[in-house]
Amino acid sequence: MPELPEVETILRQLAAGSEAAPPLAGQVFSGVKLLWARSLAEPADPRALSEELIGQTILRLERRGKYLHFRLTRASLLIHLRMSGDLRVEAQSAPSKPHDRAVFNFESGWRLAFNDARKFGRVWYTRDAGRLLADLGPEPFDPGLTAERFQRMLSARRRLLKPLLLDQTFIAGLGNIYTDEALNLARLHPLIPSDQICLDQARALLQAVRDVLEDGIRSNGASIDWVYRGGDFQNHFRVYQRTGQPCPACGAAVERIIVGQRGTHFCPSCQRLPG
DNA sequence: CACGAGACCTGTTCGC
DNA sequence: TGCGAACAGGTCTCGT
């Protein structure tokens, strides 16, 4: 379920807490249970994880791209939810759920459960979070990411727009939904080579990326299927999973093609391939 | 460097 | 009804 808006929504909920659960900051680890070994990417030895983690406090929660970053007393815990990951905070007395892969217990009696049906998600414990995040491209909302810089980034590569926007080393946080939505809003075909984008188009694309992500965050993300999260953005989709339905801008029927092995939705009328 | 295919996984939905 | 195929919000690695 997770692109930038979904990860941001989860982060905010974990940080704020609710009637049913406390904020995570301030919680002190008292134990870890790893239920699926490969969910732990680092350290290689899970025993080292519990030895190191126990006694440390969660100081603050951050997001970088699609990574959740918990800053601890002496290190960092990072979680990437990939396709089906989810996090719950609940009492340790609560029944566990199918597909729980890692459970972090706190001294307070609460716990954080990492649930992941498809087992693609990963957890890292490291003292060097910077190394893990080093290859990520800029945050879409980084004020330093100007239209001019974005246009230079696009022209420095020779890639198709859609796969390039999905590339986390180019820009961090976009996934299949928000890429399709942004390209439609910017009226750009997913197969345009990135070095053919002029400054005005780059400006429009950057604005569209920010608009759809902001919309997504405002809607608490998108909840498409059984990987549910309580978001509402699926009701704002312009093209994603709307094959055959009218483009909101011009009314032409949305088409679906495959680009880089990903389902890709676009309006054949608004989003023309030049030449 | 860019691209496509395959791998990693399970669950749901679609078509016959 | 049943069963296999297709598909899913992501990323990594390998071969060309």
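Side-chain atoms are counted along with the backbone in the values below, which use heavy atoms only and exclude waters and symmetry mates. Proteins get letters first, then strands, A, B, ... in listed order; numbering begins at 1 in each.
Here the separation of C:dA8 from B:dC3, taken at their C1' atoms, is 23 Å to the nearest Å. Between the P atoms of B:dG6 and C:dC7, the separation comes to 15 Å (whole Å). Between B:dC8 and C:dC3, the distance separating the two C1' atoms is 25 Å to the nearest Å. Across C:dT1 and B:dT10, the matching C1' atoms stand 23 Å from one another, rounded to whole Å.
As rounded to whole Å, 15 Å separates atom C1' of C:dC12 from atom CD of A:Glu42. Between A:Leu166 atom CG and B:dG4 atom P there is a gap of 13 Å when expressed in whole angstrom units. Residue A:Leu4 contributes atom CG, which lies 11 Å from atom P of C:dG10 at whole-angstrom precision. As rounded to whole Å, 11 Å separates atom P of B:dC8 from atom CH2 of A:Trp36. Rounded to an integer number of Å, the gap from A:Leu174 CG to C:dG10 P is 10 Å. Counting to the nearest Å, the P atom of C:dA8 and the CD atom of A:Gln241 are 7 Å from each other. Separating the CZ atom of A:Phe237 from the P atom of C:dA8 is a distance of 12 Å, rounded to the nearest angstrom. Straight-line distance from the CH2 atom of A:Trp226 to the C1' atom of C:dC7: 12 Å, rounded to whole Å.
Distance alone, capped at 3.5 Å, places no donor-acceptor pair between the A:Asn184 side chain and the A:Glu181 backbone. Side-chain N or O atoms of A:Gln13 include none that pairs as donor or acceptor with a backbone N or O of A:Ile10 at under 3.5 Å. Of the possible donor and acceptor atoms, one in the side chain of A:Gln201 sits under 3.5 Å from a partner among the backbone N and O of A:Cys198.
Comparing A:Gly260 and A:Arg38 by the nucleotide of DNA chain B whose heavy atom lies nearest to each, the residue mapping closer to the 5' end is A:Gly260. Comparing A:Arg122 and A:Val259 by the nucleotide of DNA chain B whose heavy atom lies nearest to each, the residue mapping closer to the 5' end is A:Val259.
Counting only heavy atoms from C-beta on, A:Leu160 has its side chain closest to B:dC3 among B:dA2, B:dC3, C:dA8. The side chain of A:Arg256 has C:dC7 as its nearest neighbour among B:dC9, C:dG10, C:dC7. When the nucleotides B:dT12, C:dC12, C:dA8 are ranked by their closest atom to the side chain of A:Arg82, C:dC12 comes out on top.
Between A:Lys119 and B:dC8, a side-chain N or O to OP1/OP2 separation shorter than 4.0 Å is absent. Residue A:His99 places none of its side-chain N or O atoms closer than 4.0 Å to OP1 or OP2 of B:dC9. Phosphate proximity of B:dG4 to A:Arg159: absent, as no side-chain N or O sits under 4.0 Å from OP1 or OP2. Distances shown here put every side-chain N or O of A:Arg118 at or beyond 4.0 Å from the OP1 or OP2 atom of B:dC8. Between A:His80 and the phosphate of C:dT11, there is a side-chain N or O to OP1/OP2 separation shorter than 4.0 Å. In this structure, A:Gln261 reaches the B:dA5 phosphate: one of its side-chain N or O atoms is under 4.0 Å from OP1 or OP2.
Under a hydrophobic clustering in which Ile, Leu, Val, Met, Phe, Trp and Tyr are joined whenever their side-chain heavy atoms come within less than 4.5 Å, directly or via other members, A:Phe104 and A:Tyr67 fall into different clusters. Both A:Tyr178 and A:Leu145 belong to a single network of hydrophobic side chains, linked directly or stepwise wherever heavy atoms of I, L, V, M, F, W or Y lie under 4.5 Å apart.
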>> Please determine whether salt bridge (charged side-chain N to carboxylate O under 4.0 Å, His left out) holds for the pair A:Asp180 and A:Lys162, giving the CA-CA distance in whole Å, both sets of side-chain angles, and the decisive distance to 0.1 Å.
In response: CA-CA 8 Å; A:Asp180 282 4; A:Lys162 163 119 180 190; 2.6 Å; yes
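The side-chain ring of A:Phe120 is stacked on the base of C:dG10, judged by centre separation under 5.5 angstrom and plane angle under 30 degrees.
Within the 4.0 angstrom heavy-atom criterion, only backbone atoms of the sugar-phosphate kind lie near A:Gln168; the bases stay farther away. Residue-level contact check: A:Asn176 touches the backbone only, with heavy atoms under 4.0 Å from sugar-phosphate atoms and none from bases.
Side-chain contact annotation: A:Thr126 with A:Asp128, donor-acceptor N/O pair under 3.5 Å absent.
In terms of polar N and O atoms assigned as donor or acceptor, the side chain of A:Arg157 never comes within less than 3.5 Å of the base of B:dA2 in a complementary pairing.
Pair assignment for B:dC9: none, as no Watson-Crick or G-U wobble contacts are both less than 3.5 Å.
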